[in-house]
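Below is one structure, written out as structure tokens, with a few remarks after it.
Chain identifiers are assigned alphabetically (A, B, ...) following the order of the sequence lines, protein sequences preceding nucleic acid strands; residue numbering begins at 1 within each chain. Both backbone and side-chain heavy atoms feed into the values below; hydrogens, waters and symmetry mates do not.
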Amino acid sequence: MPRRGVDYERLRLVSEYNHLYKRGRRAYGQLVVVFGQKKPQGGLPRLGVSVSRKVGKAVVRNRTKRFLRESFWAFLSEIPSGWDIVICARPLIASASFSEVRGEVKRAFGRLFRAN
RNA sequence: AGAGCAGGGAGGGCGGCCGCUGGCGCGUUUUUGCGCGCUGGAGGAAAGUCCGGACUCCGAAGGGCAGGGCGCUGGGUAACACCCAGGAGGGGUGACCCUACGGAAAGUGCAACAGAGAGCAGACCGCGAAUUCGCUUAUUUAUAGCGAACGCAAGGGUGAAACGGUGAGGUAAGAGCUCACCAGCGGCCCGGGUGACCGGGUCGGCUUGGUAAACCCCGCCCGGAGCAAGACUAAACAGGGGGGAUUGAGCGCUGCCCGCGCGAGCCCCCGGGUGAGUCGCACGAGGCGCCGGGCAACCGGCGUCCCAGAUAAAUGGCCGUCGCCCGUUGAGCGUGAAUCGCCUGCGGGAACAGAAUCCGGCUUAUAUCCCUGCUCUGACG
RNA sequence: GCCCUCAUCGUCUAGUCAGGUCUAGGACACCGCCCUUUCACGGCGGCGACAGGGGUUCAAAUCCCCUUGAGGGCG
């Protein structure tokens, strides 16, 4: 398995999230909504995760975020470089297992990158 | 063996691969950063935010009113609405459990419906051969009967609640009207206890209801906001518009007053910009062990340990194995027979729940398992 | 994270502070009947709620405590 410690970064600024929500490309699923856009300057792919209180309590939200990050790392090699990704959880994800979440993210990524 | 009471504890272990995050060291790099190694990384409730503090700012934390909280006694504590010990009342056969448990003869208020009457109460049915009047019998009186006035509150009935209970005397009928005992209230005295209170004696008037999680009275406590508090650095926008007040105005920490402070340019609203980083931020009323004091909560001494610190926010994913629980396979074993236990194979399950300034409590949620002490019932000895 | 507010028929609300005439009132909606040739309007009647649990009280939508669910503010 190739080493993948370095090859992504995290989104940290509120303005970057808002920019993706307004300008980014979207892919809707039952459990998640994925926003994405290619940065003009390129670089490493960056991930942001958003889980609102509507999803559930703190335990559920934390588990959901871990599932989403784990899914992102699983398909990191399929993401073209220079993309910013935000994965938003939808309320139904609270009762899903990890394999279901991973499948959802895989399908959403497929739709998101299909045009490229 | 069954049922139960009280207290305490655990909240899966080990290993592999891939990852996340804090610290330290080394290497590399102009720096940000990156790599490697070592090491730390959720809970008993981290939760609800219901109390109490620490801490920070508001002026140095002042006074009064208003407002809020608490409420048997003694102790513990930084503090508490918490904890410990005790008292009283109530519940349970019992082990034990529960209690916002000051004051209703300081005052005000409230009590629907029903009922005669609901707070210095009242008379519907009823009771009444005393007293007065009328009528009937009747010459009149007496007697008897009926009705009314009047007297009474024992009995019936209403209600959540009806102004002590039982017995005797008393009376026309009755009534603490009188007496005995009992219950309850108040005063005084004696004894025990730090105290709440307990035990006993004596005297008194004969009884004086409920509600204070209604207002209130009494005693004690509380200034307000909250780490998104607050301090600093950097960057950026603007140097704007409207209004107020104009000399003891205005402002300064909830409402008012006093007091105090600032005080010539101030205040309020609108609009605009940045919304990045450092500190606060983890050594503390700290954990563990031993000894001593105390019934206990807890306190003191000594030794030892450093044990999460993010900021779109860290503990996860996959797998192996052992242990636990549930279901099930087996002409297996205890065993003679099992629905009981053990072994074996297969399948499934493992709760409540995730630190965000930090502590002490309370409350609520919690699969399963373990330990200690005690009670009741049944059987056997 | 910290600090607040609210919860009543299907919907919007009155009543809550000062507990009792509350088997909780009104409007819209819904159902049935009347009116009309029919629909609408109008009239009459009906259905239908105190978020859940406990406590105080003779008595709780109202007072107190806990839980649950919505909504808001603070950098």
Report the base-pairing partner of B:U207 (Watson-Crick or G-U wobble, both distances below 3.5 angstrom), or none.
B:A183
Whole-Å gap separating C1' (B:A47) and CZ (A:R61):
12 Å
Give none if B:C177 has no partner; otherwise give the nucleotide forming a Watson-Crick or G-U wobble pair with it, both distances under 3.5 Å.
B:G169
What one should report as the nearest heavy-atom pair of A:V51 and A:K65 is CG2-CG, 3.5 Å
Looking at every heavy atom in both A:V34 and A:A108, which two are closest together, and how far apart are they?
CG2-CB, 3.7 Å
Suppose you measure atom C1' in B:A282 against the same atom in B:C5; what distance do you get, rounded to whole Å?
44 Å
Provide the Watson-Crick or G-U wobble partner of C:G1, both distances under 3.5 Å; none if there is no partner.
C:C74
Across every strand shown, the nucleotide meeting Watson-Crick or G-U wobble geometry with C:C6 (both distances under 3.5 Å) is C:G69
B:G174 versus B:A168 - spacing of their C1' atoms, nearest Å:
16 Å
Does A:V33 reach the side chain of A:R90, with side-chain heavy atoms less than 4.5 Å apart?
yes
Please round to the nearest 0.5 Å and tell me the distance separating atom CD1 of A:I85 and atom CZ of A:R25.
10.5 Å
Torsion-based syn/anti label for B:U208, 90° from 0 as limit:
syn
Could you tell me the separation between the CZ atom of A:F109 and the CD atom of A:E104, rounded to the nearest 0.5 Å?
12.0 Å
Nearest heavy-atom contact between A:A96 and A:E100 is CA-OE1, 3.2 Å
Syn-anti status, with the boundary at 90° from 0, for the nucleotide B:G44
syn
Strictly under 4.0 angstrom, non-hydrogen atoms only: write out the protein contact profile of nucleotides 310-320 of chain B, one letter per nucleotide from the 5' end, B, S or -.
-SBSSSBS---
Partner nucleotide of B:G25 by Watson-Crick or wobble geometry (both distances under 3.5 Å):
B:C36
Between B:G102 and B:A213, how far apart are the C1' atoms? Round to whole Å, please.
15 Å
Syn within 90° of 0, anti beyond: B:G176 is syn
Is the base of B:C18 syn or anti, if syn means a glycosidic angle within 90° of 0?
anti
For B:G2, the Watson-Crick or wobble partner whose two distances fall under 3.5 Å:
B:C376
Would you mind pulling out the nucleotide paired to B:G316, Watson-Crick or G-U wobble, both distances under 3.5 Å?
B:C18
Rounded distance in Å between the P positions of B:G126 and B:A116:
14 Å
Between A:E78 and A:K106 the two heavy atoms that sit nearest each other are OE2-NZ, 4.0 Å
Distance between the P atoms of C:G73 and B:G271, in whole angstroms?
16 Å
When you compare B:A95 with B:A111, how far apart are their P atoms, in angstrom units rounded to a whole number?
46 Å
What are the two closest non-hydrogen atoms of A:S97 and A:F67, and how far apart are they?
C-CE2, 4.1 Å
Anti or syn, where syn is a glycosidic angle within 90° of 0; which label fits B:A365?
anti
In Å and rounded to the nearest 0.5 Å, what is the CH2 to CZ distance from A:W83 to A:F113?
5.5 Å
C1' spacing across the pair B:C80 / B:C220, given as an integer number of angstrom:
14 Å
The Watson-Crick or G-U wobble partner of B:A148, with both key distances under 3.5 Å, is B:U132
Along nucleotides 70-75 of chain C, 5' to 3', which nucleotides get a B, which get an S, and which get a -, given that the test is a protein heavy-atom distance under 4.0 Å?
------
Is it true that a side-chain atom of A:R61 and a backbone atom of A:G56 form a donor plus acceptor pair closer than 3.5 Å?
yes
Atom pair OG/CG of A:S95 and A:L31 - distance to nearest 0.5 Å
8.0 Å
Could you work out the separation of B:A175 and C:A59 based on their C1' atoms and round it to a whole Å?
35 Å
